[in-house]
S.K.: 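My structure is below; once you've seen it, I'll send some questions.
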Amino acid sequence: MTRRGSVCVVGTVRDAVDFIDRYVVTVPEPLRSRVRHVVADGGSVDGTFERLREHAAGMPHLVVLDSIEQATAPGLDRAVDAAESSHVVVLNADDSFEPGGLEALVDVVEAPDPPDLVIGGLRVLDEHGETFRIQRTRRMRVRDILLDRDYPWNPACMVYARSLHDVVGRY
């Protein structure tokens with residue numbers, strides 16, 4: 001059942017146990033009643049799946065799928081199918097939102113008549129955790145984004161309506 005005006009963080013993981021403890025707190029506690037986090041594990045052998053299940057036992061908003069597919073695209077499709085939200089944002093296990101970023105996103109999506117696509121900025125950190133670059137989309141027209149390749153490098157910058165899958169297809 002799709003909840004109108006709702007957001008789900010989706011992602012796939014495989015052998016990412018070193019990132020899991022930080023990844024599962026991507027959705028801050030105050031938002032956990034409003035935002036789901038669905039993760040598809042693609043056959044981890046390093047304890048990632050088991051660690052995710054441990055966290056999910058105490059975090060009702062966290063849904064862990066045992067994906068038989070090891071490829072990213074089928075895992076993302078499974079996660080989107082399980083999202084039960086009107087909008088999704090893809091977040092990789094080694095990525096995170098800026099402080100307050102997810103809260104701002106939820107406010108946009110929960111507003112009356114939310115947009116089908118929201119694009120934010122992207123802060124790229126170097127190996128020392130220092131800001132290497134900040135990327136922002138300059139022109140928000142679809143033509144400019146696609147033809148000028150003025151789009152974010154990382155899907156965590158974009159939230160989109162699940163209904164777009166009906167138009168453009170699955171991952």
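Start at 1 with the first residue, then count along the sequence.
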S.K.: Sequence neighbours excluded, which residues qualify as side chain to side chain contact (heavy atoms under 4.5 Å, CB included) partners of Asp81?
M.R.: Arg170
S.K.: Please name all residues satisfying side chain to side chain contact (heavy atoms under 4.5 Å, CB included) with Asp18, sequence neighbours left out, ordered by chain then number.
M.R.: none
S.K.: Between Leu52 and Met59, is any pair of side-chain heavy atoms under 4.5 Å apart?
M.R.: no
S.K.: Nearest 0.5 Å please: distance from the NE2 atom of His37 over to the CG atom of Leu91.
M.R.: 6.0 Å
S.K.: Would the number of heavy atoms belonging to other residues, nucleotides or ligands and lying under 6.0 Å from CZ of Arg22 be above 12?
M.R.: yes
S.K.: Whether the side chain of Ser44 engages the backbone of Asp15 through a donor-acceptor N/O pair (distance < 3.5 Å, no angle test) should be reported.
M.R.: yes
S.K.: Treating Arg162 as the side-chain partner and Val80 as the backbone partner, does any N or O pair qualify as donor plus acceptor under 3.5 Å?
M.R.: yes
S.K.: How would you list, by chain and number, every residue that makes a side chain to side chain contact (heavy atoms under 4.5 Å, CB included) with Ala93, sequence neighbours excluded?
M.R.: Val13, Ala16, Phe19, Tyr23
S.K.: Can you find a heavy atom in the side chain of Val106 that is under 4.5 Å from one in the side chain of Arg34?
M.R.: yes
S.K.: Are the side chains of Val109 and Ser6 in touch, meaning some heavy atoms are under 4.5 Å apart?
M.R.: no
S.K.: Applying the side-chain contact (heavy atoms from CB on, under 4.5 Å) criterion to Val90, which one of Val9, Thr12, Leu76 satisfies it?
M.R.: Leu76
S.K.: Counting distance only, does the side-chain N/O of Asp46 pair as donor-acceptor with the main-chain N or O of Thr48 below 3.5 Å?
M.R.: yes
S.K.: Holding to side chain to side chain contact (heavy atoms under 4.5 Å, CB included), I want the full list of residues that pass it with Glu50, two or more places apart in sequence or in another chain.
M.R.: none
S.K.: First locate atom CZ of Arg78, then atom CG of Asp66, and finally report the distance between them rounded to the nearest 0.5 Å.
M.R.: 7.5 Å
S.K.: Mind checking what makes salt bridge (charged side-chain N to carboxylate O under 4.0 Å, His left out) contact with Glu103, not counting sequence neighbours?
M.R.: none
S.K.: So which residues get pulled into Val167's cluster when ILVMFWY side chains under 4.5 Å apart are joined, directly or through others?
M.R.: Val168
S.K.: First locate atom CD of Glu110, then atom CG of Leu105, and finally report the distance between them rounded to the nearest 0.5 Å.
M.R.: 9.5 Å
S.K.: If you measure from the Lys or Arg side-chain nitrogens to the Asp or Glu carboxylate oxygens, is any gap between Asp41 and Arg14 under 4.0 Å?
M.R.: no
S.K.: Could you check whether Asp116 and His87, counting side-chain N and O atoms only, form a donor-acceptor pair closer than 3.5 Å?
M.R.: no
S.K.: Taking atom CG of Asp21 and atom CZ of Arg51, what is their separation to the nearest 0.5 Å?
M.R.: 4.0 Å
